[in-house]
Amino acid sequence: MFFIDTSRNGKPVYNAIVNQSLDNYLVNDLRLPGHGLILYVNNPSVIIGVHQNAYAEVNFPYLKEKGIQLVRRTSGGGAVYHDYGNFIFENIVIGNDEHFGEYDYFAKPILDALHAMGATDAKMHGRNDIVIDGKKFSGMTMFKVGDSFAAGGTLMFDLDMDTASKVLTPEKDKLESKGVKSVNKRITNIKSYLDEPYRSMNPVQFKDELLKHIFKVDKLSDIKTYKLTDHDWDIIDSRLKDKYDTDAWNYGKNPGFTNYVSKHFDIGTVAFNFSLKDEKISAIKVYGDFITGGDVGLIEKALLGIKFEKSALVEALSKVDLKNNLGNIEPEPLVDLLLS
């Protein structure tokens, strides 16, 4: 494994829109052979999954009042709040998809480092979370292109919990399925669980120590590193202008169809926004924090024009490869959600 330095002109990049586009460039364009790692910090921002409806996940008045960025990432997963007390780590694996989907594999170096720094009770939980004392401090996601992929997540060190709770408006069903009543009870910072001197470090100091522990070196200069070049940044800038720094990508369009239903399943939250005409589905959009390498548009296409009754809907979804385009779920629970 090697480190990919994403600083620019010798200074760290905090712009969340820029940082969230890096994995796409590294996987699709630069394609450094092997296993690379990036570690960065975002300015105050809400990051939503590629399939999420921003209008159902975010408190927009509060977001605007506080000048918080809204950024859509290229992978699935749920909405999270980032600030200068939070780290984002991503493994960039080119030419080998053997470990795609194995969250434990990519969490292990982080967990080993945290254990060595005193957070000995940190562990994986559920599909893609890292927790301590029953509380989440890291959520992971992945996306795949051919035989290459990015796998990473957040690491809450000293996040502003009050802001996070106010700007995020998660689906009530998701919270109820986890047996809790608010965001604050689900998440925690890892800082207070660390031994000294790590507990007293600022985020910059902790980031350096985390890298040294991950790579098992005494000095940062001992880590094999690729530094993004001016040419790399020229291409990244062009991608931002064309897609990632646009309202169309980050905010998306709220279709405003007549009906909106959502439910939390083992694969994550799935939501349908749809309208009916003559007892048939006349318009539909699928949202959620599920993680898939497939095309949810195929599910929307399969349901469009179908009679709004159980047997017809089940038959339509049975013709779609749900496992590869949504997740490991059968048609019936999705149809029950639609009919609810």
Side-chain angles (χ1 to χ4, degrees), residues 48-57 72-73 75-79 97 100-104 124-129 136 139-144 149 169-181 186 252-340:
I48 61 173
V50 66
H51 300 298
Q52 289 192 294
N53 181 351
Y55 302 89
E57 302 289 340
R72 187 180 299 275
R73 60 176 171 266
S75 56
D97 61 1
F100 180 73
E102 297 178 18
Y103 291 100
D104 288 357
M124 284 292 293
H125 175 75
R127 178 176 55 139
N128 57 338
D129 293 341
K136 174 180 173 179
M140 299 178 66
T141 186
M142 300 188 187
F143 78 88
K144 186 172 181 286
F149 63 99
T169 54
E171 297 286 350
K172 291 181 180 179
D173 176 73
K174 183 191 298 185
L175 294 177
E176 290 168 358
S177 75
K178 295 178 180 294
V180 294
K181 296 182 179 180
R186 294 182 58 213
K253 182 180 180 181
N254 187 358
F257 299 148
T258 308
N259 304 285
Y260 187 87
V261 293
S262 70
K263 184 176 178 61
H264 186 74
F265 300 100
D266 288 342
I267 64 168
T269 296
V270 178
F272 294 105
N273 192 186
F274 63 98
S275 292
L276 300 174
K277 184 177 181 180
D278 298 328
E279 298 184 1
K280 294 180 180 180
I281 296 178
S282 58
I284 188 164
K285 184 72 177 175
V286 179
Y287 294 106
D289 63 4
F290 46 84
I291 298 172
T292 176
D295 181 6
V296 295
L298 296 176
I299 298 168
E300 296 165 352
K301 184 177 180 180
L303 290 170
L304 195 61
I306 300 301
K307 188 175 181 180
F308 198 64
E309 54 93 13
K310 187 164 186 175
S311 61
L313 294 170
V314 169
E315 181 181 359
L317 287 180
S318 297
K319 297 177 181 178
V320 183
D321 186 349
L322 290 177
K323 185 174 183 179
N324 286 319
N325 291 294
L326 184 65
N328 190 16
I329 189 169
E330 295 298 320
E332 285 81 359
L334 296 174
V335 170
D336 289 341
L337 172 60
L338 274 166
L339 295 173
S340 66

So, the side chain of [X] versus the backbone of [Y]: is there a donor-acceptor pair under 3.5 Å, distance only?
| X | Y | value |
| --- | --- | --- |
| Gln52 | Ala79 | yes |
| Asn325 | Asp295 | yes |
| Arg186 | Lys136 | no |
| Ser275 | Ser282 | no |
| Arg72 | Val50 | yes |
| Asp321 | Asn324 | yes |
| Tyr55 | Gly252 | yes |
| Asp278 | Lys280 | no |

I need the [X] [atom1] to [Y] [atom2] distance, nearest 0.5 Å.
| X | Y | atom1 | atom2 | answer |
| --- | --- | --- | --- | --- |
| Leu339 | Glu309 | CG | CD | 8.5 Å |
| Leu326 | Ile299 | CG | CD1 | 4.5 Å |
| Met142 | Asn128 | CE | CG | 8.5 Å |
| Leu338 | Phe308 | CG | CZ | 5.5 Å |
| Thr269 | Leu337 | OG1 | CG | 10.0 Å |
| Phe265 | Phe290 | CZ | CZ | 11.0 Å |

If you define the side chain from C-beta out and look only at heavy atoms, does anything of [X] sit under 4.5 Å from [Y]?
| X | Y | answer |
| --- | --- | --- |
| Glu330 | Leu322 | no |
| Asp289 | Glu57 | no |
| Phe274 | Val261 | yes |
| Val314 | Glu332 | yes |
| Ile281 | Leu313 | yes |
| Leu276 | Thr258 | no |
| Phe257 | Ile284 | no |
| Arg73 | Thr141 | yes |

inquiry  = Ile291 vs Arg127, test: side chain to side chain contact (heavy atoms under 4.5 Å, CB included). Steps then yes/no.
reply    = CA-CA 10 Å; Ile291 298 172; Arg127 178 176 55 139; 3.9 Å; yes
task = Using the six-membered ring wherever Trp is involved, compare the ring planes of Phe149 and Phe100 and label them parallel, tilted or perpendicular (cut-offs 30° and 60°).
result = perpendicular
key: Atom of Leu317, atom of Pro331 and distance for their closest heavy-atom approach   = CB-CB, 3.8 Å
ask   = Which atom pair, heavy atoms only, marks the closest approach of Ala302 to Ala316?
value = O-CB, 3.7 Å
ask   = How about Lys307: does its NZ atom have over 12 heavy atoms from other parts shown lying under 6.0 Å from it?
value = no
message = side chain to side chain contact (heavy atoms under 4.5 Å, CB included) for Leu303 and Val286? Distances and angles first, verdict last.
response = CA-CA 10 Å; Leu303 290 170; Val286 179; 5.6 Å; no
